Each structure stands twice: as C-alpha cells, then as structure tokens.
Amino acid sequence: MSAEVGIHKFSFPFARRDGGRVHVKAPLTATVAVQVEDQRPAAKRQLSSEGAASVKKSAGPGLRGSAPGRKTRKELFASVDVFRRLDAHVVKAGAELKENGVSDVAAIVRGIAGVAQSPLEKLRAVWVWLCHNIEYDVCGYLGCRSEAPEPCSPEDVVASGRALCGGYAGLCLEMCRLLGLPCQEVTGHSKGIGYRQGRDLGRVKSDHLWNAVLLDGHWFLMDACWGAGRVDLEGRSFVKRLDDFYFLTEPEEFIESHFPDEERWQLLDTPVSLDDFQRRVFKTSAFFQMGLGLVGPLHSHLLTERGEASVSLAFSRPVAFTYEVTPRRDFLHCGAPERKESAPSSWGLMTLSRTSMNLRLLPPAAGAYDLRLYARPEDAGGLLSWICSLTLECREAGAGDRIPDNPYLSWGLRPEAADLGVTGGDPGGQAAQAAQAAQAEDGRLEFHLNTSRSLMMLCELVGPELEVGVAKRCLACQIQPDLLTCHVVCPAPGYYRLSVFVRDYQEVDGRFQNAANFLLRCRTPAAADALFPPDLSSWCGPGTRTAQLGLCDFSHRGALLSAPQGKCNITFRNRRDLELHATLSGGPASPFPLARHLLCTSVDSKVTLSASPPGPGTYRLGLYARSAPGADFKPVCDFVLRNVCQRAGLPFPRVYAAWGKGCVLLEPRAGLLDASARVGFRVRVPGARRVCVVGRRRTELRLNKSRVWEGQVADEDGREGVAQLKLVADSAHSSEMAVLMTFDLRPPE
C-alpha cells in the first residue's frame, strides 16, 4: 500500500516473514504502545509454490543492474504518456473481463497484453491491470475479520479483487511468468504505515514485498501495492490512485523507502546500509516527481542548535512550498494530511529563490516535533503535496518572542520578484538578509529595493499587538523610478513582518502582488512621538511622480527631513511652471495656524519651501500642484519633518494673493514682531512702482541698486496701538495698493 500523498491517511502492512509464509500484523497507531516484538492478531498471506521458492532461495539471473552501465528508466521510456493507448486498452479490457466474470490468470494475461509489442509493453499491461483491478485489503491489514484470513494465491487475489502487499507481488510474479518476463519477489523493510521513526529495523522482521523484473538484460524495481492507491484509516477504506512513480523506479530513489533483505536487490553501485536507510529523510514520490533535491540535513533526526535548525532543498523549476510542525508521534504516516493548502506559520522563516528553499526553524518551546514539508509546481495551482518528513528535537528553545504569521510563506525577496520588476535589495539597507531578522536597535529601520522599471508600492507592517491604525503611522514609503524605499518605526519590542506589494506604475488598475516579506526584530522601541504623521500618502519625498510633473533638483532627496535648529528649507526646480501649494500638519498645538509656519518662495523656476515648526515633534509637509487656474490642486508628495528643537518656531507673515512669483522676503523673516522695537524691512517685489509698510502711519521703502526695497520702521513711525503691519505695493498693472503680507505685533511686556 502506498505511503504517498492524498487527502486521506494511509496504511501499510507490518509483516513478519516465517519460512514460505508472510504474516501481516495489525496496524500500528499512535494510540497503541508498540514493543519491538509485536504480539497482535495476524492475517496470513500464502505465497504460490513458485513465489515461495523464489523468496526462500533468492533465485534468479545475475544482477547486471549493479554494473555501471545499468539502464535507467528514462532510457526505456521518456514518459508514461507513451503508454496512453496501451493503458486505455488495458483498463477497458480489464473492465470487460471483470464484467464477464473471468478470473483465470492466463485468460486475463491474454486479454490485456495481446496488443503489447514489446516486453516493456507487456510489463506495463500487467502493472496497469494490477493497479486498476486489485484493491488493498484494508480489513486484512487491520485484522478486523472474525473469520480466517483469505488465502492470497494469484487465483484467490483475482477472485476477491483485493490483496495485501504479498498478494500484489505474487500475482505480478505469476502474470510475468505467463508472459515470459523474468520476475522476482523481493522482501524487505519499507517506510510505510506502521513505520516507526527511530526504530531499529535490525531487531524486527522485514514487513513488505515488491518485485524486480528483467528488461533488456537489466533489472528494474516496481511496487504495484504502493502504486495502486492509498488507505483511509479513519474510513477503513481503500482510495484508488495510480502512482506511476513505483513503475520501474530508479534504484537511487527506490532505496529511500524500500530496503531489500538481500543487498544485491538494491541494484546500486554502492549499496546502502540498514542504518543509513533508517536515518535517511523520508521522501514521497511527489518529492522525486517534482525534481527536488535535499541539500540538508541528510538525516531524518534534526537537532536544534541554540533553539534553531535549518532544512534546505534544491530544484530546477519554480516550486511553491509550505510546512507543518506538530508534536512528535511515533509513526511516520499517522494523523497529518497528505495534501495541504498554503498556510502561514510562526515556527520559522522560509526563504525561496529560483533554485532553492531554505527553512529556518525556530521552535517556541523545547520538545520533540514532526516536520512535514509540502510542495507543488509553482504554475500548477491547487493543494500542495506531502514531499518529505523529519523529526525535530529542540532541547533549548530560542528567543521567546513570537514570529508574526506570514500568509505569503516565504521570507525575503520572493522568487518571482524579478518578474515583478524588483531586482534585489540594497545591502546598505536591511533587505539583503532574508533568513535573518533585521535588527531595529533604536526602533527604526530603512529598507531599499532596486527595480528594473517604474513600480508603484504598498507596504504592510504586522507586529506584536499592533493595531491597523498605528501600523499605518509606522511606515513612510518613497517611490523612485529605480528604487523603492520604506522607512519603518517599531513602537514596541518584538518581531515584525514587513510585506511589500508592487505593480507596474503605468497600470493604474493593475493588481498589487507580493514581492517581498522581511522579518524585523525590535529590542528598544522608538518613542511614541516618533510615529509618522497620520494620513501620510504613499508618495513621500521626491520620486516618480515629482519627476513626471517636472519638479526636479530637490535639495533633499529623501523623504525624511530634520530641523535640528527649528528651521528647514527645501529647494527644487519647477520646470513646467505649475501653481504650487504646501501644507503643514502634525506636531503640538500652536497659537497660530500651521499654515503660518510654512512659507513658499518662487523665483524663476526655483522654489523654496521654508518651515519653522511651532515646537518639537513629527510633521507632515504636503506639496500640491495644479496646471491651470481654477483647477483642483492634486497631491504631489509628502515629506516627514522631524523637529527636535525645544524652542518654539515663530510663524511667517500671512501671505496674500498679490505675493506672487519672484517676490522674496529677505527680512524680517518672522511674522511676529515686537511692537516696541525698530524693524528693518528688505524685500524684492518684481514690477512694483512703490512699496510701503502700513501701521498707524505709512513708511515708504526705497529701491536700492540691487532692486531690493528697504527701510526702517520704528514705533514713532506709527506702530503703537495697532495689531498688525501690512506690506503693500502698487504696480504698473494696478493703480491701487495691494496687500502682499501682514505681520503680527507682540505688545510690550
């Protein structure tokens, strides 16, 4: 009976050989205490006289299969698809023979193999008929019949339509004899249902039978019992499922699950010892059918070091993986499903590339565990198949912090990231070490992803009890044509998952796809006021959007700005002469509107944004633009401004519409003036014929040789008793004085 994958559990006979008879014992389950010498009810299996003789004497032709020139399965046929017509004939003929009540083995052989053109096709006909017409004898395996066990001669197997492993092997032997195909029964150990991991097989009888056949002068191995289907233990039923892997299996792969009593039936140049067979990682047929290779460990018992252990696989075609870790059970095929959906796990870090998978396991507590790996071809879709199993022993658990669930399974850059446009991580950031947690010692990290084309990016942060609203304030993303940057703030100690999603920039309606998942570890969290401002857009700092709008040559190329002295200036070029608007939000409360703490100056194509935050804190500086008067202002980008200066910044003057392009305030820069002090004014106003400062009186400013209007305004010039000073001007386009900006006056103490 096959130990291969499926949605049900499997069962295998556990037998002991006694002379020419094989006694099949009751099943081993996780709830039954098993001794080395089992004393359970047995269902007997009787071999034909020829089969018994072959087992006893190990008679047969010399084993040329052990020679270096042994033929491989691929040399016989490239794919089982070459048997499609033959298989269809055998299935149809078998059904007709069964319907007509034909149970004579010779008649069946003539009916199914009459169209076969070669020994290989004759053998294939035998294999397909066995797998389609003989069911595994579940009751015989479980020992649930009250009457005596049914005999299992070839005739009896055909008549009943069911058999244990010996019945399959004996009937195969007889059918091959009738077709003139040299065939042998082979006895030995198998890693099927009832196999106990870690048990010393040298102290128990062999428990399984299969066949060896001679084709083209070379011996090949096959197991119709494992190829016919699987057993559902819970339903006590047999589930048919043809598994062609066990038809002429390569010896190097067959030895992973079948160990013959006689060494020569391994058909290997270098035979494997029983001890090595026991210690090898169990691999299902799906493992080999997907072309997987085990890089490490080479033994099935995996022991952690400092609370960690690793498993690595190699492959040539893209494969999707998942895994399952459960408390240790004695039996290899007990309880766990053989097919599984992709599911998140907090047991470790799985890293995938185009040709390899590495799983770094981090058990949360000391103990013994079973590890099952599942996989499917990346382009296949559907459930993942069980591919291999190991036991995991953790003597000392590692760090107790829980790793966040990862519904995208793999950590680091995903194998398909390059197809999505992400070419790699910048080692200067934290994206390079996928299987290691990026350390956020001060609660802050910065990730960089290089891109081959313009992409749009969204990020998701999941951490210890991190609410969605707070998580949004932990991220600031900068999107540039060839670089994606994500700034992260960790508000609490523990592990975090940062997931990155991308789509092509031009595909506005395109679907975002997961490109990377990074594990972060924070030991010392950032202060609460270090969170980014709310309502921060996905466009932070200069990038793809600003470049498309003709805004370039930014003095600050990053998304984060600092104001150590309580002031900050940003300059850039406005190549398309867009009308710009800037806003400031966040930080502590201010007696003035936050708009007064931001001043925009534009001269020719150069734009200067001056910020003077009202106090320490983190602010959002938003930049907007429109291309025509009357149109809506649209978001361009946001900057995150961190002000660490404890001194409150003074507001700028209130600006009016007449303060246009080319106007520059040289002094005073502050919009709050002392009422009793003399104040010097210096300002550029292109096209002005007259510029004045108006309080209770009007003070005329003079135009100097540098085209700067300047003058002094003192209290005796009319400031006493007023709350504001107005800067006004007239121009050739208007006969009236227009207000450019106003300054508030602070009364004397």
Side-chain angles (χ1 to χ4, degrees), residues 1-4 10-18 22-25 28 34 36-38 45 51 54-58 60 63 65-66 70 73 164-166 168-169 172-173 183-213 219-227 243 245-285 287-288 294 297-301 330-333 388-391:
M1 180 49 246
S2 171
E4 295 310 301
F10 302 104
S11 180
F12 261 83
F14 179 83
R16 59 183 174 85
R17 184 161 49 86
D18 184 8
V22 175
H23 300 267
V24 182
K25 299 183 178 181
L28 303 182
V34 181
V36 172
E37 294 296 331
D38 291 297
R45 180 274 197 203
S54 69
V55 172
K56 183 176 181 180
K57 298 177 183 178
S58 297
L63 297 184
S66 60
R70 174 181 60 82
R73 168 172 154 157
L164 297 172
C165 61
Y168 280 95
C172 180
L173 181 74
C183 180
Q184 289 284 330
E185 281 185 320
V186 181
T187 62
H189 295 282
S190 70
K191 293 183 178 180
I193 292 295
Y195 174 73
R196 293 182 65 198
Q197 301 182 83
R199 175 182 56 179
D200 184 3
L201 295 180
R203 301 177 62 188
V204 296
K205 299 284 187 177
S206 55
D207 64 350
H208 193 50
L209 287 92
W210 57 92
N211 296 97
V213 294
W219 285 95
F220 293 87
L221 302 169
M222 56 187 279
D223 188 345
C225 179
W226 282 46
D243 190 344
F245 174 77
Y246 295 103
F247 176 64
L248 307 184
T249 315
E250 298 291 0
E252 295 81 4
E253 298 172 352
F254 204 72
I255 194 62
E256 298 290 340
S257 55
H258 292 66
F259 186 87
D261 290 336
E262 294 188 62
E263 182 180 277
R264 65 175 185 166
W265 287 115
Q266 293 185 24
L267 306 184
L268 295 172
D269 297 338
T270 304
V272 172
S273 68
L274 181 60
D275 181 60
D276 186 21
F277 172 76
Q278 294 176 136
R279 291 187 295 136
R280 287 191 176 197
V281 175
F282 174 74
K283 307 177 186 73
T284 70
S285 63
F287 182 96
F288 299 103
L294 182 64
L298 300 181
H299 298 150
S300 60
H301 187 76
D330 283 337
F331 302 99
L332 182 62
H333 309 275
C388 64
S389 290
L390 302 93
T391 59

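None of these values were measured; they are calculated from a predicted model. As a basis for the values below, the full set of heavy atoms in this structure was taken, side chains included, without hydrogen atoms, waters or symmetry mates.
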Start with the C-alpha gap between Leu332 and Ser389, add the side-chain angles, then the distance that decides, and say whether side chain to side chain contact (heavy atoms under 4.5 Å, CB included) holds. CA-CA 8 Å; Leu332 182 62; Ser389 290; 3.7 Å; yes
Closest approach of Ala212 and Trp265, non-hydrogen atoms and distance? CB-CZ3, 3.3 Å
Parallel, tilted or perpendicular, judged at 30° and 60°: which one describes the rings of Trp210 and Phe254? perpendicular
From CG (Asp207) to CZ (Phe259), nearest 0.5 Å: 12.5 Å
Test side chain to side chain contact (heavy atoms under 4.5 Å, CB included) on Asp223 and Tyr168; report intermediate values, then the result. CA-CA 8 Å; Asp223 188 345; Tyr168 280 95; 5.8 Å; no
Closest approach of Thr284 and Phe288, non-hydrogen atoms and distance? O-CD1, 3.5 Å
Ser300 side, atom OG; Lys191 side, atom NZ - distance, nearest 0.5 Å: 6.0 Å
Which heavy-atom pair separates Phe277 from His189 by the least distance, and what is that distance? CZ-O, 4.2 Å
What is the distance from atom NE2 of His299 to atom CG of Asp275, rounded to the nearest 0.5 Å? 8.0 Å
Please check this pair: side chain of Glu185 against backbone of Leu173, looking for a donor-acceptor N/O pair closer than 3.5 Å. no
Quick check: closest heavy atoms across Gln266 and Pro251, and the distance to 0.1 Å? O-CB, 3.3 Å
Specify the closest pair of heavy atoms between Cys172 and Met222, including all atoms of both residues, with the distance to one decimal. SG-CE, 3.9 Å
Please lay out, stage by stage, how His258 and Ser190 fare under the test side chain to side chain donor-acceptor pair (under 3.5 Å). CA-CA 5 Å; His258 292 66; Ser190 70; 5.8 Å; no
Take Ser257 and Trp226 through the test side chain to side chain contact (heavy atoms under 4.5 Å, CB included) and record every step on the way to the result. CA-CA 11 Å; Ser257 55; Trp226 282 46; 3.9 Å; yes
For Pro297 and Val281, work out which heavy atoms get closest and say how close. O-CG2, 3.8 Å
Pairwise distance CZ(Arg196) to CG(Leu201) - rounded to 0.5 angstrom: 10.5 Å
Is there side-chain contact between Leu209 and Leu164, with heavy atoms separated by less than 4.5 Å? no
Are Trp219 and Gln184 close enough that some pair of their side-chain heavy atoms sits under 4.5 Å apart? yes
Name the residue from Leu267, Thr187, Ile255 that meets the side-chain contact (heavy atoms from CB on, under 4.5 Å) definition with Pro260. Ile255
In this structure, which one of Lys283, Arg70, Arg280 forms a salt bridge (Lys or Arg N to Asp or Glu O under 4.0 Å) with Glu252? Arg70
